[in-house]
Amino acid sequence: MAGELSASHRTDPDRSDTCERHRLTPPEEVFASHGAALAAEDLDALAANFAEDAVIVTPAGVAHGKEGARQNFTRLFSDLPQAEWDMKTTLFGGEILFLEWSASSSENSATHGVDTFVIRDGLIRAQTVRYALAPNSR
């Protein structure tokens with residue numbers, strides 16, 4: 001049956017449990033983990049959701065892998081510290097995820113946030129990010 005492992009595959013000693021867990025993790029679960037890590041501003045958990053060869057494209061440039069993800073989220077948390085997030089649109093099309101969002105922090109607000117993700121084998125393989133940042137009135 002699709003989605004089930006054969007007995008020989010389940011007992012293959014050359015395959016790690018971690019590899020199998022990632023392969024079987026649906027994109028929706030990866031996104032749920034990603035969202036929880038984002039809300040907690042947990043850079044390690046965020047980076048763990050990305051593949052080693054992930055590509056992250058933003059107006060600031062192209063970053064790669066877990067370290068690129070960590071750098072991008074460090075910038076995001078600097079722009080929007082302890083933000084409140086509003087997910088306006090969340091659409092899955094298989095392994096593709098499209099998001100529209102906004103966020104507000106004590107310092108800045110982000111509007112017109114748009115992300116796309118490619119989530120395959122339990123990891124984020126590609127992400128694009130764009131948002132408009134404006135300082136909040138004091």
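None of the values given here were measured: they were computed from a predicted structure.
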A side-chain contact here means heavy atoms from C-beta on lying under 4.5 Å apart; do [X] and [Y] qualify?
X      : Y      : value
Glu52  : His64  : no
Leu123 : Phe50  : no
Glu107 : Pro135 : no
Asp53  : Arg125 : yes
Leu46  : Asn72  : no
Ile124 : Phe31  : no
Thr74  : Leu43  : yes
Val62  : Ile56  : no

[atom1] of [X] to [atom2] of [Y]: how many Å apart, nearest 0.5 Å?
X      : Y      : atom1 : atom2 : result
Arg120 : Thr25  : CZ    : OG1   : 14.5 Å
Asn136 : Ser106 : CG    : OG    : 7.5 Å
Trp101 : Met87  : CH2   : CE    : 7.5 Å
Leu80  : Ser102 : CG    : OG    : 10.0 Å
Thr58  : Gln127 : OG1   : CD    : 9.0 Å
Thr90  : Phe92  : OG1   : CZ    : 7.0 Å

CA sep, side-chain torsions, deciding dist, call: Tyr131, Asp115, side chain to side chain donor-acceptor pair (under 3.5 Å): CA-CA 9 Å; Tyr131 55 92; Asp115 287 41; over 6 Å; no
Heavy atoms only: give me the nearest [X]-[Y] pair and the separation to one decimal.
X     : Y      : value
Pro59 : Arg130 : CG-CG, 4.0 Å
Gly94 : Pro27  : O-CG, 3.7 Å
Pro81 : Ser105 : O-CB, 3.0 Å

Yes or no on side-chain contact (heavy atoms from CB on, under 4.5 Å) for Ile96 and Phe98, after CA distance, side-chain angles and deciding distance? CA-CA 7 Å; Ile96 309 289; Phe98 174 80; 5.8 Å; no
Checking Thr116 against Thr128 for the side chain to side chain donor-acceptor pair (under 3.5 Å) test, could you report, in this order, the C-alpha distance in whole Å, the side-chain angles of both residues, the deciding distance, and whether it holds? CA-CA 5 Å; Thr116 56; Thr128 65; 2.4 Å; yes
What about [X] and [Y], same hydrophobic cluster or not, with Ile/Leu/Val/Met/Phe/Trp/Tyr joined at side-chain heavy-atom distances under 4.5 Å?
X      : Y      : result
Val118 : Val57  : no
Trp85  : Phe117 : yes
Leu97  : Val55  : no
Phe77  : Leu133 : yes

Can you check ring-ring contact (aromatic ring centres under 6.0 Å, His included) on Phe73 and His34, steps first, answer last? CA-CA 11 Å; Phe73 286 106; His34 182 76; 5.5 Å; yes
Would you find more than 12 non-hydrogen atoms of other residues, nucleotides or ligands less than 6.0 Å from Glu84 atom CD?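 It does not: Glu84 CD has 12 such atoms or fewer within range.
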Sidechain N-carboxylate O distance under 4.0 Å for Arg70, Asp44: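 Yes.
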